[in-house]
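What follows is a short report on a single structure.
Note: hydrogens, waters and symmetry copies are ignored here, and every other heavy atom, side chains too, is used.
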Amino acid sequence: MSLLNKHQGALERLAERGRSRSLLKAHGCDFSSNDYLALTTAPELRLAAENALQRGVGMGAGGSRLLRGNDPEHEALEEEAAKLFGAERTLFFGGGYNANLAMFSTLPQNGDLVLHDSLIHASAHDGIKLGSAQSMAFRHNQVDDAQDRIRQWREQGGTGRIWLACESLYSMDGDQAPIRELVELADQRDAFLLVDEAHATGVLGKGGRGLAAEFEGRENVISLHTCGKALGASGALVCGPSVMIDYLINRARAFIYATAPSPLVAAIVRASLQLVQSQPQRREQLADLVAHANAEMERLCGQKGSGTHILPFLIGDDKRTMRIAKALQETGYDIRGIRPPTVPRGTSRLRIALTLHASKADVSSMFEVLAEEMDLVPS
């Protein structure tokens, strides 16, 4: 018997259920990436990379931040990002997954409760599993339910700190969290609020600083800004009180034992943050495209949009969703189908991401094709 049989069998069962994944090359008009402001190909960032190399910035760090991998570019980025986002300190990670893994596995302590939105990202769930705190979900965007969960936990003997966790803009639904109400709840309950700004950074909030921008700098608010989406690079910045940043440096295994992010990437992110501030027209152009796309989806396909640059088009059935996604790809529109376990069972969808790589004409023609395919592909 081959040593590979068990895993091969598991893959075959995934395929039978229509759940098999594969890597697809990027092709066609971009309606699937998170490059919302089209900065991945911006000449200004290419020039920033060239200038950084010319002044001797290294492509690799050569080690962890604690073992000679700490570079002046990392520190310059962290200082500039703290000023921009209004935080006391920031810490640069190699990616948003690692940053969430570090925060959720390290900051909440034994006896604490992580109370998270039911649609929080998988990286937060994985971090919670590695940590020692209890965890509980509240209904999506329902602050009253979060309040009830806290009350029940206290009544059952819970005595530790509460850590409320949410995304500011949900990556599969495109809807916004009630940040102000969650901050008020955190204040009432002497709790911390952890906000993942991944899909809002660079796009939403004053100056593209995210939807929780006005609350940055408070001692009970910690935010995560990823650099690989609208900022067009890679990495992630955790923003919060200095003591929390020092605690992550000293205790977060996902930081301590990881090779430091590329100093060259840190230099590019510095340029990207400056670009987002100096070119507000990119956000304005995207906002105009968002309004057009939401109107076209309702006009041509009969579904009301999210109102943001992430437009879920609900289909429900897994296999039909993937067939329609494939048909759109073959027509020249790069749209991906999303199935469980990424989204709840029965809510399979097309995740339509709006970026400046597409025009209004592209958007209109794409929805025309989608409307046609919905009639052609049976349920």
Can you tell me how far [atom2] of [Y] sits from [atom1] of [X], rounded to the nearest 0.5 angstrom?
X	Y	atom1	atom2	value
D117	L164	CG	CG	10.5 Å
K304	L311	NZ	CG	11.5 Å
I179	L211	CD1	CG	6.5 Å
F31	M366	CZ	CE	4.0 Å
S348	L350	OG	CG	9.5 Å
R349	I315	CZ	CD1	10.5 Å

Do the two ring centres, one from H116 and one from F138, sit under 6.0 Å apart? no

Ring-ring centroid check Y170 H140, cutoff 6.0 Å: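 Ring-ring flag for Y170/H140: true, centres closer than 6.0 Å.
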
With no hydrogens and no angle check, just 3.5 Å: does a side-chain donor-acceptor pair link [X] and [Y]?
X	Y	value
R282	Q279	yes
D334	H27	no
S223	E216	yes
S123	D126	no
S32	Y333	no
S135	H125	no

Any side-chain to backbone donor/acceptor pair from R345 onto R339? Under 3.5 Å, distance only. no

With distance as the sole test, does E167 use its side chain to make a donor-acceptor pair with the main-chain N or O of A198 at under 3.5 Å? no

Grouping I, L, V, M, F, W and Y whenever their side-chain heavy atoms are under 4.5 Å apart, do [X] and [Y] come out in a common cluster?
X	Y	answer
V195	V238	no
M103	Y257	yes
L300	I335	yes
F313	V369	yes

R218 and D187: salt bridge (charged side-chain N to carboxylate O under 4.0 Å, His left out), yes or no, with the steps? CA-CA 10 Å; R218 297 169 57 117; D187 289 344; 2.5 Å; yes

Test salt bridge (charged side-chain N to carboxylate O under 4.0 Å, His left out) applied to E73 and R65, step by step: CA-CA 12 Å; E73 288 295 325; R65 292 284 295 275; over 6 Å; no

State whether [X] and [Y] are salt-bridged, where the test is any N-O pair (Lys NZ or Arg NE/NH1/NH2 against Asp/Glu carboxylate O) under 4.0 Å.
X	Y	result
E296	R299	yes
D288	K360	yes
R89	E75	no
E50	R46	no
D144	R139	no
R180	E214	yes

Given side chains that start at C-beta, do those of D175 and N141 come closer than 4.5 Å, heavy atoms only?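 Sidechains of N141 and D175: in contact.
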
Do D362 and H357 have side chains that approach each other closer than 4.5 Å (heavy atoms only, starting at C-beta)?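 Side-chain contact under 4.5 Å: no.
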
Could you walk me through whether Y36 and H199 satisfy the side chain to side chain donor-acceptor pair (under 3.5 Å) test, starting with their C-alpha distance in whole Å, then the side-chain angles of each, then the deciding distance to 0.1 Å, before giving a yes or no? CA-CA 9 Å; Y36 305 123; H199 295 273; 2.7 Å; yes

